[in-house]
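Here the structure is a predicted model, which means the values were calculated and not measured.
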Amino acid sequence: MTTINDIAQMAKVSRTTVSRALNNSGYVSEDVRKRIMKIVEETGYMPSQSAKSLRTKRSGVIGIILPRLSTETSTRVVNGINEELAKEGFQILLTDTELNKQKEIDYIRLLKTRHVDGIILLATNVNEELIKAIHNIDIPVLAIGQELPGVPSLVYDDYHAAADLTNMLIHKGHERIAFIGVTHDDPSVGGLREQAYRDKMKVNGLVIQETWIGQGDFSIESGYEQMKSILKRSKGQEPTALFAVTDRMAIGAMEYLKEQGYTIPEEMAVVGIGASAMSKYITPSLTTIDYHNKDAGKKAAELLLRQLKNEKIDKKFELTYRLIMRNSV
């Protein structure tokens, strides 16, 4: 097995020079750096992570806690995070809570025992036990998607995005607008998006029939079932539009509507949030909100890296969004 001493001998430089070239620390002339890196490539030399950890007091690993590995949102955010962290030589360790609140807390503690240098949490809830667990570990944590007290948080503008969608439907002439949300245990997706819908309906003098309100679980199947339930409960006063708080639930609802012979958007307009790949290609294409998830991941990585450098950062960062008008409205 090739060692750093072998690399130094072949390159005719000191071990310290090799270390500087590999870690981009200290001065090494460009000619020497190229010579060292050519030998590293030819020999397949891999620096010892344990030795590097002892030297830098860091593991070179960032833990990421996801609500679900299988969603496009998670994938895009992770791609952005990984792209930025890789530039600084960090690796990522992924965990999946499967939308289980207790697992968020368990993984915070578990990642601490794995000696990660920091944690990025795609949070789905805000509770005292979670906040306590974060404050009890002595490593930087950054949250995405929820504002956690005392924790640097990167949040989407859920209220105004949902308000824009509701207003757009109203301005298109819809007065009976159905809504499929999720549990309020999720303050952003479950709470803020529904509050914006209710506020805009009220401001515009429109009555909300509770029979038009459904609660899904983020899945396509739940959107399908909730649309079915809403129409069953609303006989004689069916809505003319649907606002689902995620694209997946909107797509499930659209499938049920098409099965029942509804034309979209003529008989039922539908909107969602997420700008999923499927939203562009389903027929008709889905009007949605794009939260720029990959950019959010990059920003999260940037902020965590600043924390690792002991830089002071704000506790709250709000991300931008854009409304994508398509054929479902």
Q. Rounded to the nearest 0.5 Å, what separation is found between the CD1 atom of Ile65 and the CG atom of Leu111?
A. 5.0 Å
(Q) Assess, by modelled atom type and distance only, whether the side chains of Tyr159 and Asp199 contain a donor and an acceptor separated by less than 3.5 Å. (A) yes
Q | Which atom of Met249 lies closest to which atom of Val182, heavy atoms considered | A | CE-CG1, 3.7 Å
**Q.** Gln237 versus Trp212, closest heavy-atom pair with distance
**A.** O-NE1, 3.1 Å
Q) Rounded to the nearest 0.5 Å, how far apart are CG of Asn5 and CE of Met10? A) 10.5 Å
(Q) Is it the case that atom NZ in Lys258 sees more than 12 heavy atoms from other parts of the structure closer than 6.0 Å? (A) yes
Q) Is it the case that one hydrophobic cluster holds both Leu66 and Ile120, taking links as side-chain heavy atoms less than 4.5 Å apart, direct or via other members? A) yes
**Q.** Heavy-atom closest contact (Ala143 atom, Leu148 atom, distance)
**A.** CB-CD1, 3.7 Å
Q | Ile119 and Ile137: CA distance, side-chain angles, deciding distance, side chain to side chain contact (heavy atoms under 4.5 Å, CB included) verdict | A | CA-CA 10 Å; Ile119 296 173; Ile137 61 172; 3.8 Å; yes
**Q.** Among Ile64, Asn82, Ile81, side-chain contact (heavy atoms from CB on, under 4.5 Å) partner for Leu94
**A.** Ile64
Q. With no hydrogens and no angle check, do the side chains of Ser59 and His115 hold a donor and an acceptor under 3.5 Å apart?
A. no
Q) Crowded around Arg109 CZ? As in, over 12 foreign heavy atoms under 6.0 Å? A) yes
Q. Which distance, rounded to the nearest 0.5 Å, do you find between the OG1 of Thr71 and the CG of Asn293?
A. 8.5 Å
Q) Where the side chain of Asp217 meets the backbone of Ser219, is there a donor-acceptor pair that is under 3.5 Å apart? A) yes
**Q.** Residue among Ile62, Ile108, Asp117, Val116 satisfying side-chain contact (heavy atoms from CB on, under 4.5 Å) with Ile139
**A.** Val116
Q) Are side-chain N/O atoms of Thr16 and Ser19 paired as donor and acceptor at under 3.5 Å? A) no
Q.
What I want to check is whether the side chains of Ser222 and Gln226 have a donor and an acceptor closer together than 3.5 Å.
A. no
Q: Using the six-membered ring wherever Trp is involved, compare the ring planes of Tyr197 and Phe179 and label them parallel, tilted or perpendicular (cut-offs 30° and 60°).
A: parallel
Q.
Test side chain to side chain donor-acceptor pair (under 3.5 Å) on Arg326 and Thr288; report intermediate values, then the result.
A. CA-CA 8 Å; Arg326 294 202 181 113; Thr288 186; 5.8 Å; no
**Q.** Charged N-O contact under 4.0 Å between Lys38 and Glu42
**A.** yes
(Q) Tell me the closest heavy-atom pair linking Thr97 and Pro67, and the distance in Å. (A) OG1-CA, 3.3 Å
Q | Residue from Val203, Ile208, Thr166 passing side-chain contact (heavy atoms from CB on, under 4.5 Å) with Arg198 | A | Ile208
Q) Among the clusters formed by ILVMFWY side chains lying less than 4.5 Å apart, do Val61 and Leu85 turn up in the same one? A) no
(Q) Test of understanding: clusters of I, L, V, M, F, W, Y form through side-chain heavy atoms closer than 4.5 Å, transitively. Do Val77 and Val155 belong to the same one? (A) no
Q | Backbone N/O of Gly191 and side chain of His184: donor-acceptor pair under 3.5 Å | A | no
**Q.** Asn167 backbone acceptor or donor facing Lys172 side chain under 3.5 Å
**A.** no
Q. Linking I/L/V/M/F/W/Y whenever their side-chain heavy atoms sit closer than 4.5 Å, directly or via other members, would Ile230 and Tyr224 fall into one cluster?
A. yes
**Q.** Neighbour count >12 (heavy atoms, 6.0 Å) for atom CD, Gln209
**A.** yes
Q. Does a donor on one side chain and an acceptor on the other come within less than 3.5 Å for Asn100 and Glu104?
A. no
Q: Could you verify whether a donor N or O on one side chain and an acceptor N or O on the other, from Asp31 and Ser29, lie under 3.5 Å apart?
A: no
Q | Side chains of Arg233 and Ser229, donor plus acceptor under 3.5 Å | A | yes
Q | Residue from Val329, Leu257, Leu286 passing side-chain contact (heavy atoms from CB on, under 4.5 Å) with Ile264 | A | Leu257
Q.
Please determine whether side chain to side chain contact (heavy atoms under 4.5 Å, CB included) holds for the pair Leu169 and Leu242, giving the CA-CA distance in whole Å, both sets of side-chain angles, and the decisive distance to 0.1 Å.
A. CA-CA 9 Å; Leu169 289 172; Leu242 168 70; over 6 Å; no
Q. Can you tell me how far the CZ atom of Arg176 sits from the CE atom of Met201, to the nearest 0.5 Å?
A. 10.5 Å
Q: Please report the C-alpha distance between Asp186 and Phe218 in whole Å, then the side-chain angles of each, then the deciding distance to 0.1 Å, and finally whether the side chain to side chain contact (heavy atoms under 4.5 Å, CB included) criterion is met.
A: CA-CA 11 Å; Asp186 185 322; Phe218 293 90; 3.7 Å; yes
Q. How long is the gap from CZ on Arg35 to CD1 on Ile7, to the nearest 0.5 Å?
A. 12.5 Å
Q) Between Glu83 and Lys298, is there a side-chain N and carboxylate O pair less than 4.0 Å apart? A) yes
Q: Please assess Glu72 against Arg76 for the test salt bridge (Lys or Arg N to Asp or Glu O under 4.0 Å), listing each intermediate value before the final yes or no.
A: CA-CA 6 Å; Glu72 279 189 57; Arg76 291 172 180 171; 3.0 Å; yes
Q) Does atom NE2 of His160 have more than 12 heavy-atom neighbours from other groups under 6.0 Å away? A) no
Q | Common cluster, Ile313/Val141, ILVMFWY with side-chain heavy-atom separation under 4.5 Å | A | no
Q: Return the orientation label for the Tyr156 and Tyr291 ring planes: parallel under 30°, perpendicular over 60°, tilted otherwise.
A: parallel
Q: Flag yes if more than 12 heavy atoms outside Glu311 fall under 6.0 Å of its CD atom; otherwise flag no.
A: yes
Q) Between Lys101 and Asp185, is there a salt bridge with N-O shorter than 4.0 Å? A) yes
Q) Judged by modelled atom types alone, do Arg193 and Ser188 share a side-chain donor-acceptor pair under 3.5 Å? A) no
Q: Return the minimal non-hydrogen interatomic distance between Ile180 and Met227, and the atom names on each side.
A: CD1-N, 4.0 Å
Q. Got more than 12 heavy atoms from elsewhere within 6.0 Å of CD, Glu175?
A. no
Q. So, Glu98 and Arg68, do they make that salt bridge, N to O below 4.0 Å?
A. no
Q: List the steps, then state whether side chain to side chain contact (heavy atoms under 4.5 Å, CB included) holds for Met268 with Glu238.
A: CA-CA 10 Å; Met268 184 80 71; Glu238 290 90 349; 5.6 Å; no
Q) Distance from Tyr281 atom OH to Ile251 atom CD1, nearest 0.5 Å? A) 12.5 Å
Q. Among Asp164, Asp295, Asp290, which residue meets the salt bridge (charged side-chain N to carboxylate O under 4.0 Å, His left out) test with Arg322?
A. Asp290
**Q.** Carboxylate-amine/guanidinium proximity below 4.0 Å for Glu84 and Lys87
**A.** yes
Q. Which heavy-atom pair separates Ala21 from Ile36 by the least distance, and what is that distance?
A. CB-CD1, 3.8 Å
Q.
Checking Lys299 against Glu302 for the salt bridge (Lys or Arg N to Asp or Glu O under 4.0 Å) test, could you report, in this order, the C-alpha distance in whole Å, the side-chain angles of both residues, the deciding distance, and whether it holds?
A. CA-CA 5 Å; Lys299 183 65 175 179; Glu302 173 202 323; 3.5 Å; yes
